[in-house]
> 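Before we start, here is the structure in question, set down as structure tokens.
First the proteins, then the strands, lettered A, B, ... as listed; each starts at 1.
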Protein chains: 2
Amino acid sequence: MKIGELSRATGTNIETIRYYERIGLLPEPDRTAANYRSYGDPHRARLTFVRHSRDLGFTIEEIRSLLDLSDDPERDCSEADRIASRHLAQVEEKIAQLTLLRDELTRIVGRCRGGVAADCRVIEALGDHRHCESAH
Amino acid sequence: MKIGELSRATGTNIETIRYYERIGLLPEPDRTAANYRSYGDPHRARLTFVRHSRDLGFTIEEIRSLLDLSDDPERDCSEADRIASRHLAQVEEKIAQLTLLRDELTRIVGRCRGGVAADCRVIEALGDHRHCESAH
DNA sequence: CTTGACCCTGTAGTTGCTACAGGGTCCATA
DNA sequence: TATGGACCCTGTAGCAACTACAGGGTCAAG
């Protein structure tokens, strides 16, 4: 499989595939006589793993750890669980933050009554923390 | 006010203040004889506006537009409302995405029963999209 | 034999900062 | 008067995770 095919098969940008190789997340594949990268099924599986993990918001370093684990089938699974749990906690934290933010924005947007910028409640609210109901 | 004082007054890193000046978000202040930046109240208000907007997740470019608006009190307020509303919609979209993600992660984490990596359900789930209940 | 799709390397850009390196200034204390 | 420490200056490089070229090579179809 050439890089374009792998790209289509996994929905990954070609530049991104080369980037993952450069940072050591994907192994260097064999090359054809014309120096083209040549991939097999294990490469595709590994890239699918990486993309799926990225979609779920794991960082490259977390994925590196998860890949190390899956490369060594003897190792204890609890580290994978720990990484995923910590990430879940971060996502929950982020949702909580964004929810506060949404409430604040809703309040700010709701105050707009039209008119000119000099009287704009949106701009006023942005310039003045005292309008806020929660800390940020 | 010197830069350190402005930094403390607004809770903004000194490097960040200089960065905002470099990208034209804050005007160049006067200088003392020793070439130190010298700020007044309008600078502090503008920086407070910027920081508050950043805390609410507005991009630098959005803030630039909002500042342009507030610099011109004759202009119509509806653009500020439009920027804030669009941002609110983005925040809501992000919350929705993260909520799906959280559910997916909860499901993945919940499958861990301990054991070795070869049997790890977390690693399996990351390598295989078919376990997912929503698209991503 | 040329056109167009594909591939290669290497480097620079993106966003919003943050962190130096290498220097200058200012003020209090010994 | 010397010196130490807190503060300030410019300019550049780094972070994450890509993305976008520039400038070139390869290959099959018409």
> State the CD-CD distance between Q90(B) and Q97(B), to the nearest 0.5 angstrom.
11.0 Å

> Using a strict threshold of under 4.0 Å (side-chain N to carboxylate O), is an ion pair present between R8(B) and E5(B)?
no

> Base, sugar-phosphate, or nothing: which does R64(B) touch, judged by heavy atoms less than 4.0 Å apart?
nothing

> Just report the end-to-end axis angle for the helix from dC1(C)-dG30(D) to dA30(C)-dT1(D), five pairs per end, to 10 degrees.
30°

> Nearest 0.5 angstrom please: E79(A) CD to L66(A) CG, how far?
8.0 Å

> Taking CD1 from I17(A) and P from dC18(D), how many angstroms apart are they, rounded to a whole number?
12 Å

> Side-chain donor-acceptor pairs under 3.5 Å in residues 17-27 of chain B, sequence neighbours left out?
{"unit_1": "R18(B)", "atom_1": "NH2", "unit_2": "E15(B)", "atom_2": "OE1", "d": "3.4"}
{"unit_1": "Y20(B)", "atom_1": "OH", "unit_2": "R51(B)", "atom_2": "NH1", "d": "2.7"}
{"unit_1": "E21(B)", "atom_1": "OE1", "unit_2": "R37(B)", "atom_2": "NE", "d": "2.7"}

> Can you name the side-chain contact (heavy atoms from CB on, under 4.5 Å) partners of D103(B), sequence neighbours left out?
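T99(B).
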
> Write down the distance between CE (M1(B)) and P (dC7(D)), rounded to a whole number of angstrom.
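Checked: the CE to P distance equals 16 Å.
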
> Can you build the contact string for nucleotides 6-11 of chain C? Use B for base contact, S for sugar-phosphate-only contact, and - for no protein heavy atom under 4.0 Å.
BSSB--

> Report yes if at least one side-chain N or O of R51(B) is closer than 4.0 Å to OP1 or OP2 of dG16(C); otherwise report no.
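Indeed not, no polar side-chain atom of R51(B) lies that close.
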
> Below 4.5 Å, heavy atoms only, C-beta onward: do H43(A) and D30(A) meet side chain to side chain?
no

> I'd like to know if D71(B) pairs up with R46(B) as an ion pair, taking the criterion as any Lys NZ or Arg NE/NH1/NH2 lying under 4.0 Å from an Asp or Glu carboxylate oxygen.
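Yes.
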
> May I have the distance from L56(A) (atom CG) to dA17(D) (atom P), rounded to whole angstrom?
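Distance, rounded to whole Å: 14 Å.
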
> Go through the structure and list residues passing side-chain contact (heavy atoms from CB on, under 4.5 Å) with K2(A), not counting sequence neighbours.
Y36(A)

> Separation of I63(A) atom CD1 from dC18(D) atom P, in whole Å?
8 Å

> Has R54(B) got a side-chain N or O lying under 4.0 Å from the OP1 or OP2 atom of dT15(C)?
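Checking R54(B) against dT15(C): no side-chain N or O falls below 4.0 Å of OP1 or OP2.
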
> Please work out if F58(B) contacts a base, only the sugar-phosphate, or nothing of the nucleic acid, heavy-atom cut-off 4.0 Å.
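Answer is nothing: F58(B) stays at 4.0 Å or more from every strand.
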
> Pick base, sugar-phosphate or nothing for T32(B), based on heavy-atom distances below 4.0 Å to the nucleic acid.
nothing

> Measure from OH on Y19(A) to P on dA12(C) and round the result to the nearest Å.
17 Å

> Any pair with a residue in residues 83-93 of chain A that passes salt bridge (Lys or Arg N to Asp or Glu O under 4.0 Å), sequence neighbours left out, goes on the list, sorted by first then second residue, please.
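Residue pairs with at least one partner in residues 83-93 of chain A: E62(A)-R86(A).
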
> Measure from CG on D55(A) to C1' on dA17(D) and round the result to the nearest Å.
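In whole Å, dA17(D) C1' and D55(A) CG are 13 Å from each other.
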
> Whole angstroms only, please: what is the CD1-P distance between I23(B) and dT18(C)?
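Taking atom P of dT18(C) as the reference, CD1 of I23(B) is at 12 Å.
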
> OP1 or OP2 of dT19(D) versus the side-chain N and O atoms of T16(A): is any pair under 4.0 Å?
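Yes, such a contact exists.
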
